[in-house]
Amino acid sequence: NAGVTQTPKFQVLKTGQSMTLQCAQDMNHNSMYWYRQDPGMGLRLIYYSASEGTTDKGEVPNGYNVSRLNKREFSLRLESAAPSQTSVYFCASSLIDRGQSPLHFGNGTRLTVT
Amino acid sequence: QKEVEQNSGPLSVPEGAIASLNCTYSDRVSQSFFWYRQYSGKSPELIMSIYSNGDKEDGRFTAQLNKASQYVSLLIRDSQPSDSATYLCAVNAILTGGGNKLTFGTGTQLKVEL
């Protein structure tokens with residue numbers, strides 16, 4: 001089993017460009033998440049999907065959109081990238097809603113916006 | 001006051017010693033507690049979860065929870081250089097309106113020296 005797979009691993013964008021981060025899990029988990037991690041800020045939740053067909057905002061949703069394509073896949077879109085979105089992005093999944101069961105993280109995407 | 005607080009470190013311990021990592025939280029209704037290990041440039045991986053007061057042991061790792069004092073700790077016995085990483089504390093609270101809120105601390109950097 002691959003667990004949680006994220007693509008791409010690295011990306012450089014210019015201000016104003018758009019991109020989609022892809023995430024897929026093969027653990028039959030119900031819940032999926034997108035986090036960003038910045039030095040000194042810890043992991044901050046961008047969006048989450050408690051179950052297939054639902055999505056909700058997290059702590060820092062501005063500038064992002066998500067799609068829960070099916071039970072396996074959860075994508076994150078940046079419509080107009082800004083330098084403030086330079087970060088490491090992690091996708092995660094859990095069997096049931098976060099906190100009630102542990103999160104399993106993907107390997108991360110390092111995004112630089114110039 | 002931060003919801004989940006950890007000393008950023010670095011915490012330096014000699015090889016073979018016990019490393020003690022601490023985490024305090026502010027929300028009294030928190031119910032689930034997790035420790036994740038994150039190597040530099042890698043994604044967080046779950047080490048321990050603990051849900052009730054007391055100690056939980058898994059190999060060289062022991063998680064300790066004291067809900068009355070609102071702290072959770074992680075002890076690493078016989079510390080090895082491979083334990084050098086950042087350790088993230090995560091605390092979950094069930095919200096009165098339903099749902100969960102999982103909050104991560106900013107992590108404690110542990111260095112195990114030869």
Side-chain angles (χ1 to χ4, degrees), chain A residues 2-10 21 23 25 27 29-51 54-61 87-112, chain B residues 2-10 23-27 29-52 56 58 61 63 65 72 74 85-109:
Chain A
V4 180
T5 303
Q6 282 182 243
T7 56
K9 292 185 178 180
F10 301 94
L21 282 66
C23 176
Q25 53 89 11
M27 296 177 284
H29 283 173
N30 293 297
S31 302
M32 299 185 73
Y33 319 87
W34 279 104
Y35 284 89
R36 60 178 288 175
Q37 187 174 39
D38 303 289
M41 301 291 290
L43 283 161
R44 292 183 292 170
L45 183 65
I46 304 171
Y47 270 93
Y48 69 100
S49 172
S51 60
T54 68
T55 60
D56 286 286
K57 295 178 180 179
E59 303 169 64
V60 287
S87 187
V88 179
Y89 292 83
F90 289 104
C91 177
S93 70
S94 65
L95 182 60
I96 55 177
D97 196 6
R98 63 201 161 117
Q100 297 185 60
S101 61
L103 301 184
H104 297 259
F105 288 87
N107 289 330
T109 297
R110 295 185 178 276
L111 174 66
T112 301
Chain B
K2 290 183 180 178
E3 295 179 62
V4 178
E5 293 206 52
Q6 296 181 257
N7 189 321
S8 61
C23 172
T24 59
Y25 59 93
S26 60
D27 192 337
V29 300
S30 297
Q31 298 193 349
S32 308
F33 307 85
F34 306 92
W35 283 100
Y36 289 84
R37 178 176 62 198
Q38 186 174 24
Y39 292 113
S40 180
K42 302 295 185 182
S43 59
E45 56 179 328
L46 180 73
I47 297 177
M48 296 282 287
S49 56
I50 186 166
Y51 302 93
S52 56
K56 179 181 178 181
D58 184 1
F61 298 97
L65 175 61
V72 55
L74 179 70
T86 296
Y87 290 80
L88 306 176
C89 172
V91 176
N92 179 68
I94 296 179
L95 304 176
T96 53
N100 295 274
K101 181 178 182 182
L102 181 66
T103 304
F104 283 86
T106 53
T108 297
Q109 184 183 6

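The sequence lines fix the lettering, A, B, ..., with proteins before strands; numbering per chain opens at 1.
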> Minimum heavy-atom separation for B:P44 to A:L43, with atom names?
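For B:P44 versus A:L43, the nearest heavy atoms are CG-CD1, 4.1 Å.
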> Quick one: list whatever passes ring pair (Phe, Tyr, Trp, His ring centres under 6.0 Å) with A:F90, sequence neighbours left out.
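Testing A:F90 for ring pair (Phe, Tyr, Trp, His ring centres under 6.0 Å), a comparison that skips the adjacent residues, returns none.
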> What pair of heavy atoms forms the shortest contact from A:M41 to B:T106, and how long is it?
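Between these two residues, the closest heavy atoms are C-CG2, 3.9 Å.
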> Roughly how far apart are B:L102 CG and A:Y48 OH, rounded to 0.5 Å?
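Answer for the CG-OH pair, B:L102 versus A:Y48, is 11.5 Å.
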> Check each atom of A:R44 against the heavy atoms of chain B and say whether the ones under 4.5 Å are side chain, backbone, both or neither.
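Neither part, no heavy atoms under 4.5 Å.
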> Using the ring pair (Phe, Tyr, Trp, His ring centres under 6.0 Å) criterion, which residues pair with B:Y36? Sequence neighbours excluded.
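So B:Y36 forms a ring pair (Phe, Tyr, Trp, His ring centres under 6.0 Å) with A:F105, B:F104.
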> Might you point out which heavy atoms bring B:Y51 and A:P102 nearest each other, and give the distance in Å?
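So the two residues come closest at OH-CD, 4.4 Å.
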> Between B:S43 (side chain) and A:G106 (backbone), is there a donor-acceptor pair under 3.5 Å?
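Checking the backbone N and O of A:G106 against the side chain of B:S43, a donor-acceptor pair under 3.5 Å is found.
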> Distance check, rounded to the nearest 0.5 Å: A:S94 atom OG versus B:L46 atom CG?
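Rounded to the nearest 0.5 Å, the OG-CG separation comes out at 11.5 Å.
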